[in-house]
Asks: 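Quick one: the structure is below, questions incoming.
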There are 2 protein chains.
Amino acid sequence: MTRSEENYLKTIFHLGGGNATSISTNAIAEQMETKPSSVTDMAKKLSEKGLVNYKKYQGVSLTDEGKKTALSIIRKHRLWEVFLVEKLDFTWDEVHEVAEQLEHIKSEKLIDKLDELLNYPKYDPHGDPIPSKDGKFMERDKQLLSELPLNSEGVCVGVKDSSAPFLKFLDKNKIALGNTIEVLEKEDFDQSLRIRMEDRELRISHQIASNLYVKKNQ
Amino acid sequence: MTRSEENYLKTIFHLGGGNATSISTNAIAEQMETKPSSVTDMAKKLSEKGLVNYKKYQGVSLTDEGKKTALSIIRKHRLWEVFLVEKLDFTWDEVHEVAEQLEHIKSEKLIDKLDELLNYPKYDPHGDPIPSKDGKFMERDKQLLSELPLNSEGVCVGVKDSSAPFLKFLDKNKIALGNTIEVLEKEDFDQSLRIRMEDRELRISHQIASNLYVKKNQ
DNA sequence: TTTAAAATTTAGACAAATCTAAAAATTGGT
DNA sequence: ACCAATTTTTAGATTTGTCTAAATTTTAAA
Ligand SMILES: [Mn+2]
Ligand SMILES: [Mn+2]
Ligand SMILES: [Mn+2]
Ligand SMILES: [Mn+2]
């Protein structure tokens, strides 16, 4: 497995939402900031290796083997993110870039021991689930804050957009995972929300609300 | 800096003993298990970048910039080795291979924070000194056990050969860094030694004694 | 059903890092 | 100082992953 192959598998997994959906070469190219022709080349190679199903003009989907590999890389990525935050005091907007490198380190013992050191975390700093050694993971019961009904309460459990600018914005406004949120008012005009977050009241735009995951109480 | 360039710089540094000695392409090729012609190509490239001094048929030596880069990679390698042993319970014969990968991760913050987590260690698990952020390090005052005079006492502080087989041999015989050693007898015939190690007495071959570093007491 | 736009693949090129085989330079023994 | 062995470099090829430009296929609108 080369680094490039691993990155393709990961991208295909993410675009397919974990299912065996067929993904277009264009979609992969856009996501990876490369050219469709490069994707076609790699599709052939991964197909040769039995990691993806590929038929000309029909897009790409992961085989069981490919999915297994993708999940093991995602496991490594997320465990390293936890390590960086928990053990090295990185902020959640700093970890992704470094984890993109660390996820390619090859050593089963390393990742098992890291898992142990971190006390077998279930979620990464952005609220995304960490697959177990055998590729299983539980997607949390969650919904977008923008879809939480008026007057209901929930706990902030993840972000949809985990780009540094968004995460920094949340930090600046003291919005963190684990916080309790209640929807006080929904503005018809621009779908902005007035919310109670812990003991403060604040107004947030629809764009923010539709990138924050909450778990509804009850 | 590509991974390959970094590995060349590290090898040149090690072969030159840290000095600006000129190293032959053949020596580099042998050490890196590659071909001399590949080394020539890389020598030209590194020379272009100002990291080595290279004149045809004259071998290669590190520039100040090249030395600085080599030391930063060695710093990363050794800090990761300490991490693997101290935090993840790796044995000292397992760490090198993984550290060879980890040393190429690019993040200054990562390595500074790792240093902090490990409480600024001065030596790696094999007794080798860890360069500071600015490339300074102290070679320990040490000598080979085979050169320790009869009846003198010392502390085991490092290994010359840090290959897995040798390290495993030491483990099996409960010889570890920090142990106290006294030379009880030197056999003329085969230069083997009879030593006291902590509270045991044992006989070791010249080959072993000439790969163990000790710091003489007083 | 035809056809224009969009998506996808193919063909050919390139950079990085490597190799083999051949040529050139250096070295050391006489 | 010469020659033969050794070392080192050059030339040309290969692999991996990428690109551009052109050709092909699919799609979807008229
Ligand atoms: Mn990430
Ligand atoms: Mn994450
Ligand atoms: Mn090492
Ligand atoms: Mn070491």
Side-chain angles (χ1 to χ4, degrees), chain A residues 1-16 20-63 66 69-70 73 100-101 103-106, chain B residues 1-16 20-62 65-66 69-70 73 100-101 103-106:
Chain A
M1 273 276 122
T2 67
R3 173 173 298 222
S4 185
E5 287 170 349
E6 290 183 345
N7 283 332
Y8 273 95
L9 292 178
K10 202 173 47 137
T11 300
I12 295 164
F13 182 91
H14 281 132
L15 290 175
T21 324
S22 186
I23 311 295
S24 77
T25 47
N26 257 20
I28 297 167
E30 189 176 1
Q31 177 74 24
M32 298 188 69
E33 297 183 62
T34 182
K35 301 293 166 181
S37 55
S38 306
V39 178
T40 301
D41 287 346
M42 185 56 85
K44 287 175 185 167
K45 184 153 66 133
L46 292 174
S47 174
E48 278 299 308
K49 293 196 174 191
L51 296 163
V52 304
N53 307 116
Y54 170 65
K55 282 226 182 71
K56 269 198 204 179
Y57 297 101
Q58 308 262 131
V60 175
S61 66
L62 294 176
T63 62
T69 308
I73 298 156
E100 283 291 306
Q101 300 179 61
E103 71 188 5
H104 301 291
I105 301 290
K106 279 157 189 68
Chain B
M1 273 275 127
T2 67
R3 173 175 297 222
S4 185
E5 288 171 349
E6 291 183 346
N7 284 332
Y8 274 95
L9 292 178
K10 201 173 48 140
T11 300
I12 295 164
F13 182 91
H14 281 132
L15 290 174
T21 323
S22 187
I23 311 295
S24 77
T25 47
N26 257 20
I28 297 168
E30 188 175 5
Q31 178 73 23
M32 298 187 71
E33 298 183 63
T34 183
K35 301 292 165 182
S37 55
S38 306
V39 178
T40 302
D41 286 348
M42 186 55 85
K44 286 174 185 167
K45 185 155 63 133
L46 292 174
S47 173
E48 278 299 308
K49 294 196 174 191
L51 295 164
V52 304
N53 307 114
Y54 170 64
K55 282 228 181 71
K56 270 196 203 183
Y57 297 101
Q58 308 263 128
V60 175
S61 66
L62 294 176
E65 188 61 18
T69 308
I73 298 155
E100 283 292 307
Q101 300 179 62
E103 72 188 5
H104 300 290
I105 302 290
K106 280 158 187 67

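Order of the sequence lines fixes the chain letters, A, B, ..., with proteins taken first and strands second; residue numbering starts at 1 for each chain. Remember, predicted model here, so these are calculated numbers, not experimental data.
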Asks: Write down the protein N/O and nucleotide N/O pairs, taken from nucleotides 22-29 of chain C, whose separation is under 3.5 Å; answer none if there are no such pairs.
Replies:
{"residue": "C:dA25", "atom": "O4'", "partner": "B:Y57", "partner atom": "OH", "Å": "3.1"}

Asks: Among residues 28-44 of chain B, which residues get a heavy atom nearer than 4.0 Å to DNA chain C?
Replies: B:T34, B:K35, B:S37, B:S38, B:D41

Asks: If you compare all heavy atoms of A:M42 against all heavy atoms of A:S4, which two are closest, and at what distance to 0.1 Å?
Replies: CE-OG, 3.5 Å

Asks: Name every residue in residues 3-16 of chain B that has at least one heavy atom under 4.0 Å from any atom of DNA chain C, in order of residue number, or write none if there are no such residues.
Replies: B:S4, B:Y8

Asks: Nearest to the side chain of B:T2 - C:dT8, C:dA16, D:dT7?
Replies: C:dA16

Asks: Go through the structure and list residues passing side-chain hydrogen bond (donor to acceptor under 3.5 Å, both in side chains) with A:S61, not counting sequence neighbours.
Replies: A:N53

Asks: Just how far, in rounded Å, is P of D:dT25 from OH of A:Y54?
Replies: 13 Å

Asks: Distance-only check: which donor-acceptor pairs under 3.5 Å involve side-chain atoms of residues 22-38 of chain B, not counting sequence neighbours?
Replies:
{"residue": "B:S22", "atom": "OG", "partner": "B:Q58", "partner atom": "O", "Å": "2.7"}
{"residue": "B:S24", "atom": "OG", "partner": "B:A27", "partner atom": "N", "Å": "3.0"}

Asks: Which residues pass the salt bridge (charged side-chain N to carboxylate O under 4.0 Å, His left out) test with B:K55, sequence neighbours left out?
Replies: none

Asks: Can you list the residues that meet the side chain to side chain contact (heavy atoms under 4.5 Å, CB included) rule with B:Q101, with sequence neighbours excluded?
Replies: A:I105, A:K106

Asks: Which residues pass the side chain to side chain contact (heavy atoms under 4.5 Å, CB included) test with B:K56, sequence neighbours left out?
Replies: B:Y54

Asks: Any heavy-atom pair between the side chains of A:E103 and A:E6 that's under 4.5 Å?
Replies: no

Asks: Atom NZ of A:K55 and atom P of C:dT9: how far apart are they, to the nearest Å?
Replies: 13 Å

Asks: In chain order, what residues pass the salt bridge (charged side-chain N to carboxylate O under 4.0 Å, His left out) check against B:E5, with sequence neighbours excluded?
Replies: B:K45, B:K49

Asks: Measuring only between side-chain heavy atoms, which start at C-beta, is A:H104 closer than 4.5 Å to B:H104?
Replies: no

Asks: A:L9 and A:G66: which non-hydrogen atoms are nearest, and at how many Å?
Replies: CD1-O, 4.3 Å

